Number of protein chains: 2
Amino acid sequence: MGVTRVYSYTLAGKAGVTPEQVRKDFSEYGIKGNRRGGYLTESLIRAIEVIFSRDRKSNVVVVGMGNLGQALSRYERFAGRGINIVATFDIDPYKHKSRSDIHVYPMERLEEITERFGVTVAILAVPEISAQEVCDELVNLGIRGIVNFSPVLLKVPQYVVVNNVNLSDEIESVILSVRRMKEEQTLFL
Amino acid sequence: MGVTRVYSYTLAGKAGVTPEQVRKDFSEYGIKGNRRGGYLTESLIRAIEVIFSRDRKSNVVVVGMGNLGQALSRYERFAGRGINIVATFDIDPYKHKSRSDIHVYPMERLEEITERFGVTVAILAVPEISAQEVCDELVNLGIRGIVNFSPVLLKVPQYVVVNNVNLSDEIESVILSVRRMKEEQTLFL
DNA sequence: TGTATTTTGTGAATTGTTTCACAATAGATC
DNA sequence: GATCTATTGTGAAACAATTCACAAAATACA
């Protein structure tokens, strides 16, 4: 778009943080700007690509093809971020064979496919009851990172990274904040 | 289940935090336990229900019935947390009328339905391009809280609460951590 | 080329959060 | 009922993150 330089306050505005934050973070990672000249977009983008490994693609699998698993496997935005869903799995793959979506494999083929595609990260969207069991299986197959959508605190070895996403919590926290704000407001009337 | 008392370290273990954290948080909200006796489950649950407004149900709407919106509208776990999806909306409701799911209304009926059911919180799962526009509409109709699934920083008045959920970020952060850990490990070999 | 101005880069100050450590005490045990 | 023990409750200490404030440097402009 022809923009060659950006300033800490521009980025801060877009990201909803303070300019100091932006500068401190950049400085932390050795990203240098020019005093008075701001940051050069090209080199900035390259630096960020390296820091976030955006220069490489990463193969991941989705395990559990319920509502959420299906939605995640069709989510187009992952591609643009180097997140490449190579396969999806379910205990009952025939249940979901319906449309011409991404192929659903039975759990038995997990090992073969994770190995073939060098998958180290899995998205876990199975029911609460089987979450820990499936998690153990994944860890045994060499999975090193799990994005966990079940409301369960997974027990994993220290070398495995887990990121918990709890949709109920996200919504509840907004409901709570809204209630709190309303209560505050009525106090002033 | 007949359990009448719990201890800070029990809860801490289940939640993956320290016992001190549990006690400090409880103390912050005036939840009292008995020295040596722990916390009484019954009164603890009641206190938490009040703090998180779990004693009341909250009506919410889902706006945008793409993959994610559909998955969210079918997510059974919300009910058990007092989150009640009363209606879903899309610009093109006929596209999604297929199965006997929850009813999809056209955007034109947003006002009528939010008013009727006293909806103050909306789940926004529309494409990036229309996110701000739909958000403005929601705010105009009196929505006070938004759970935003589009990768956009929404501009809203101060009295509106926004909670951003970025699925690409969640997955990317795990990918990153895994790469970092692997790099660390190879250094030791 | 010199001066004014803008923006970075970063120590220091502030603010916020987590952990420590231990007195107070309720309950268990004899 | 006296003593022992486990657990809470919370100030103080340590740690972490954010904001402030300003010198240093690069550009703009005369």
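Each chain gets a letter, A, B and so on, in the order the sequences are listed, and its residues count up from 1. What you see is a predicted model, and the numbers here were worked out from it, not measured in a lab. Atom set for the values below is all heavy atoms of this structure, side chains included, hydrogens, waters and symmetry mates excluded.
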Student check: side-chain heavy atoms of A:L176 and B:I51 closer than 4.5 Å: no
Reported CD1-to-CZ distance for the pair B:I85 and B:F78, which is rounded to 0.5 angstrom: 5.5 Å
A:I175 side, atom CD1; B:F52 side, atom CZ - distance, nearest 0.5 Å: 12.5 Å
Sugar-phosphate only, base, or nothing, as touched by A:Y9 at under 4.0 Å among non-hydrogen atoms: sugar-phosphate
Sugar-phosphate, base or nothing in reach of B:E20, heavy atoms under 4.0 Å: base
Specify the separation, in whole Å, of atom [atom1] of [X] and atom [atom2] of [N].
| X | N | atom1 | atom2 | result |
| --- | --- | --- | --- | --- |
| B:F26 | D:dT8 | CZ | P | 10 Å |
| B:Y7 | D:dA6 | OH | C1' | 9 Å |
| A:E28 | D:dA17 | CD | C1' | 11 Å |

Results of ring-ring contact (aromatic ring centres under 6.0 Å, His included) for B:F149 - residues two or more places apart only: none
Polar side-chain contact A:K24-D:dT19 base: donor and acceptor under 3.5 Å: yes
Exam field: side chain B:N34 to backbone B:R36, donor-acceptor pair closer than 3.5 Å: no
B:T120 (side chain) donor-acceptor with B:R144 (main chain) under 3.5 angstrom: no
Those residues of residues 38-52 of chain B lying under 4.0 Å from DNA chain C by at least one heavy atom: none
Verify same cluster id: B:L153, B:V147 (apolar side-chain graph, 4.5 Å): no
ILVMFWY cluster, B:V126 and B:I129 together (side-chain gap under 4.5 Å): no
Parallel, tilted or perpendicular: ring planes of B:F26 versus B:Y39, cut at 30 and 60 degrees: perpendicular
Salt bridge (Lys or Arg N to Asp or Glu O under 4.0 Å) contacts touching residues 151-180 of chain B (sequence neighbours left out): A:R54-B:E172, A:R81-B:D169, A:R81-B:E172
Within residues 113-129 of chain B or reaching into it, pairs that qualify as salt bridge (Lys or Arg N to Asp or Glu O under 4.0 Å) - sequence neighbours excluded: A:R77-B:E128, B:E112-B:R116
Check: protein-nucleotides 22-27 of chain D nitrogen or oxygen pairs below 3.5 Å:
| unit_1 | atom_1 | unit_2 | atom_2 | d |
| --- | --- | --- | --- | --- |
| D:dA24 | N3 | A:R35 | NH1 | 2.9 |
| D:dA26 | O4' | A:R35 | O | 2.7 |
| D:dT27 | O2 | A:R36 | NH1 | 3.1 |

Outermost nucleotides of DNA chain C that come under 4.0 Å of a non-hydrogen atom of chain B: C:dT18 to C:dA28
